[in-house]
Number of protein chains: 2
Amino acid sequence: MSDGISGPCQIIESFELIGSKWRLIILNDLHGGEKRFNELKRSTDASSRTLSRILKELEESGLVNKEVIEDSPIATYYSLTEKGESLCPVFEEIEAWADEWL
Amino acid sequence: MSDGISGPCQIIESFELIGSKWRLIILNDLHGGEKRFNELKRSTDASSRTLSRILKELEESGLVNKEVIEDSPIATYYSLTEKGESLCPVFEEIEAWADEWL
DNA sequence: CAGAATCCTGGTGGATACTG
DNA sequence: CAGTATCCACCAGGATTCTG
């Protein structure tokens with residue numbers, strides 16, 4: 001496709017939502033199903049500071065859903081929204097590319 | 001690393017190659033065909049410092065090809081390698097996602 | 001024209017400690 | 001458990017200047 005790309009900005013905009021190391025790691029991690037804060041912390045090896053910031057960003061972008069259960073020890077569950085789930089094809093395409101070229 | 005999806009690391013690895021604002025902008029710009037340094041500088045509005053750094057990175061990743069023509073005023077042409085071109089489906093998938101969700 | 005060198009700033013992210 | 005607060009280091013990246 002020689003040009004005709006009307007929206008390079010859209011791609012850039014998209015990458016500003018998902019295209020950072022941490023956002024990717026976390027989104028990917030949540031593809032396995034909902035997880036709690038410390039669970040994510042362990043599996044992603046992010047600092048709590050970073051993790052909470054990224055989760056907040058992803059939440060504000062509408063990619064991640066947060067569910068709080070106010071029990072004795074509080075519990076929060078993070079999961080992908082529909083918008084977040086719909087990134088699957090993108091990830092798959094990247095994986096396909098990686099399989100061929102990495 | 002995490003379970004379920006086969007290669008989360010690959011995705012992250014891929015994003016370390018292409019997933020930054022400038023890498024994206026430049027890769028996208030080069031989809032229109034080869035360009036010279038200052039041409040890219042103008043169309044992407046990157047500083048020469050940034051542009052040369054990113055181009056070098058992309059070259060080392062094998063995504064971009066550099067061709068130097070040693071004439072009176074030197075001329076360099078940057079273009080996508082096959083590996084770089086093969087990212088098209090990824091970009092298209094992202095655009096599709098952006099069209100639906102942004 | 002194509003860059004490299006220098007300087008400087010803001011943001012990202014780690015480590016640690018603390019709170020509800 | 002699920003964060004927030006503080007401090008601190010590193011590096012991306014802009015502006016500018018200089019060179020082959």
Side-chain angles (χ1 to χ4, degrees), chain A residues 8-9 11-30 33-61 63-80, chain B residues 1 8-9 11-30 32-61 63-80:
Chain A
C9 314
I11 294 192
I12 293 154
E13 208 179 322
S14 303
F15 266 76
E16 266 158 19
L17 291 186
I18 63 173
S20 88
K21 183 189 160 196
W22 286 118
R23 291 196 190 87
L24 254 294
I25 292 181
I26 292 169
L27 286 174
N28 212 316
D29 217 17
L30 287 177
E34 67 175 9
K35 283 197 173 180
R36 325 177 38 163
F37 189 85
N38 278 340
E39 234 175 331
L40 279 168
K41 188 158 149 39
R42 265 175 271 119
S43 58
T44 65
D45 206 46
S47 68
S48 60
R49 186 188 169 291
T50 297
L51 184 56
S52 80
R53 215 196 53 238
I54 301 286
L55 282 171
K56 192 173 294 176
E57 289 172 12
L58 292 174
E59 213 190 325
E60 283 166 0
S61 310
L63 294 169
V64 159
N65 187 39
K66 176 182 181 176
E67 185 190 3
V68 183
I69 299 177
E70 305 257 14
D71 261 339
S72 24
I74 204 171
T76 58
Y77 290 87
Y78 291 93
S79 57
L80 293 182
Chain B
M1 210 189 219
C9 314
I11 294 192
I12 291 153
E13 209 179 321
S14 303
F15 265 75
E16 267 158 18
L17 291 186
I18 64 173
S20 89
K21 183 188 160 198
W22 285 119
R23 290 196 191 86
L24 254 293
I25 292 182
I26 290 169
L27 286 174
N28 212 316
D29 216 19
L30 287 177
E34 67 176 8
K35 282 197 174 181
R36 326 178 36 165
F37 188 84
N38 279 340
E39 234 175 330
L40 279 168
K41 188 158 148 40
R42 264 174 272 122
S43 59
T44 64
D45 206 45
S47 68
S48 61
R49 188 186 168 293
T50 297
L51 183 56
S52 79
R53 213 196 56 239
I54 301 287
L55 282 171
K56 191 172 296 178
E57 289 172 12
L58 292 175
E59 212 190 326
E60 284 165 359
S61 309
L63 294 170
V64 159
N65 186 39
K66 176 181 180 178
E67 184 190 3
V68 183
I69 298 179
E70 305 258 13
D71 260 340
S72 23
I74 204 171
T76 58
Y77 290 87
Y78 291 94
S79 57
L80 293 182

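Chain naming here is simple, since letters A, B, ... match the order of the sequence lines and numbering starts at 1 in each.
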For nucleotides 5-9 of chain C, print each protein N/O atom paired with a nucleotide N/O atom at under 3.5 Å, atom names and distance only.
{"from": "C:dT6", "atom 1": "O4", "to": "B:Arg49", "atom 2": "NE", "distance (Å)": "3.3"}

Which nucleotide in D:dA2, C:dG3, D:dG13 has an atom nearest any side-chain atom of B:Trp22
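Taking heavy atoms from C-beta onward, the closest nucleotide is D:dG13.
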Axis bend over the full length of the helix from C:dC1-D:dG20 to C:dG20-D:dC1, computed from five pairs that close each end, to 10 degrees
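The end-segment axes of the helix from C:dC1-D:dG20 to C:dG20-D:dC1 are tilted 40° relative to each other.
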Given atom CD1 of B:Ile26 and atom C1' of D:dA12, what is their separation to the nearest angstrom?
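It is 13 Å, rounded to the nearest whole Å.
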If you only use heavy atoms from C-beta on, which nucleotide in C:dG13, C:dC1, D:dG14 is closest to the side chain of B:Thr50?
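Per side-chain heavy atoms of B:Thr50, the pick is D:dG14.
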With A:Lys56 via side chain to side chain contact (heavy atoms under 4.5 Å, CB included) - residues at least two apart
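For A:Lys56, the residues satisfying side chain to side chain contact (heavy atoms under 4.5 Å, CB included) (neighbours in sequence not counted) are A:Glu60.
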Side chain of A:Ser52, heavy atoms from C-beta onward: which of D:dG14, C:dG14, D:dT4 has the nearest atom to it?
D:dT4
Less than 6.0 angstrom separating the ring centers of A:Phe37 and A:Tyr77, yes or no?
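No; A:Tyr77 has its ring centre 6.0 Å or more from that of A:Phe37.
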With sequence neighbours excluded, tell me which residues meet side chain to side chain contact (heavy atoms under 4.5 Å, CB included) with B:Asn65.
B:Ser79, B:Thr81
Give A:Tyr78 one of three labels, base, sugar-phosphate or nothing, depending on what nucleic acid heavy atoms sit under 4.0 Å from its own.
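Sugar-phosphate, no base atom in range.
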Heavy atoms from C-beta onward define the side chain here; which of C:dC1, D:dC1, D:dG14 lies closest to that of B:Ser47?
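Selected nucleotide (nearest to the side chain): D:dG14.
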Distance check needed: C:dG3 P versus B:Glu70 CD, whole Å only.
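It works out to 10 Å between those atoms.
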Sub-3.5 Å donor-acceptor pair from the side chain of B:Glu39 to the main-chain atoms of B:Arg36, do we have one?
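Between the backbone of B:Arg36 and the side chain of B:Glu39 there is a qualifying donor-acceptor contact (under 3.5 Å).
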To the nearest Å, give me how far apart CG (A:Leu40) and C1' (D:dC1) are.
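It is 13 Å, rounded to the nearest whole Å.
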Would you kindly give the NZ-to-C1' distance between A:Lys56 and D:dA2, to the nearest whole Å?
12 Å
If each of A:Ser20 and B:Leu55 is mapped to the nucleotide of DNA chain C with the nearest heavy atom, which maps nearer the 5' terminus, i.e. the 5' end?
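The answer here is B:Leu55.
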Under a 4.5 Å cut-off applied to non-hydrogen side-chain atoms, are B:Lys21 and A:Ile12 in contact?
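B:Lys21 vs A:Ile12: side chains touch.
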Would you mind telling me which of D:dA12, D:dT4, C:dG13 lies closest to the side-chain atoms of B:Arg53?
D:dA12
Spacing of A:Tyr77 atom OH relative to D:dC1 atom C1', expressed in whole Å
11 Å
Examine C:dC1: is either OP1 or OP2 under 4.0 Å from a nitrogen or oxygen in the side chain of B:Lys35? Give yes or no.
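For C:dC1, neither OP1 nor OP2 has a side-chain N or O of B:Lys35 closer than 4.0 Å.
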Are a donor atom and an acceptor atom from the side chains of B:Ser43 and B:Asp29 found within less than 3.5 Å of each other?
yes
Rounded to the nearest Å, what distance is computed from the CD1 atom of residue A:Ile69 to the C1' atom of nucleotide D:dC1?
12 Å
May I have the distance from B:Glu57 (atom CD) to C:dG3 (atom P), rounded to whole angstrom?
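One finds 15 Å between P of C:dG3 and CD of B:Glu57, rounded.
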Only counting residues at least two apart or in another chain, list the ones meeting side chain to side chain contact (heavy atoms under 4.5 Å, CB included) with A:Thr50.
A:Trp22, A:Ser47, A:Ile54
Quick one: salt bridge (Lys or Arg N to Asp or Glu O under 4.0 Å) partners of B:Lys41, sequence neighbours excluded?
none
I'd like to know if A:Arg23 and A:Glu57 make a salt bridge, using a cut-off of under 4.0 Å between side-chain N and carboxylate O.
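A salt bridge is present here (some side-chain N lies under 4.0 Å from a carboxylate O).
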Nearest-angstrom distance from the residue atom CD of A:Glu59 to P of D:dA2:
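After rounding, the gap between these two atoms is 14 Å.
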Is any side-chain heavy atom of B:Ile69 less than 4.5 Å from a side-chain heavy atom of B:Ile74?
no
Students often get this wrong, so: under 4.0 angstrom with heavy atoms, is A:Lys21 touching a base, only sugar-phosphate, or nothing?
nothing
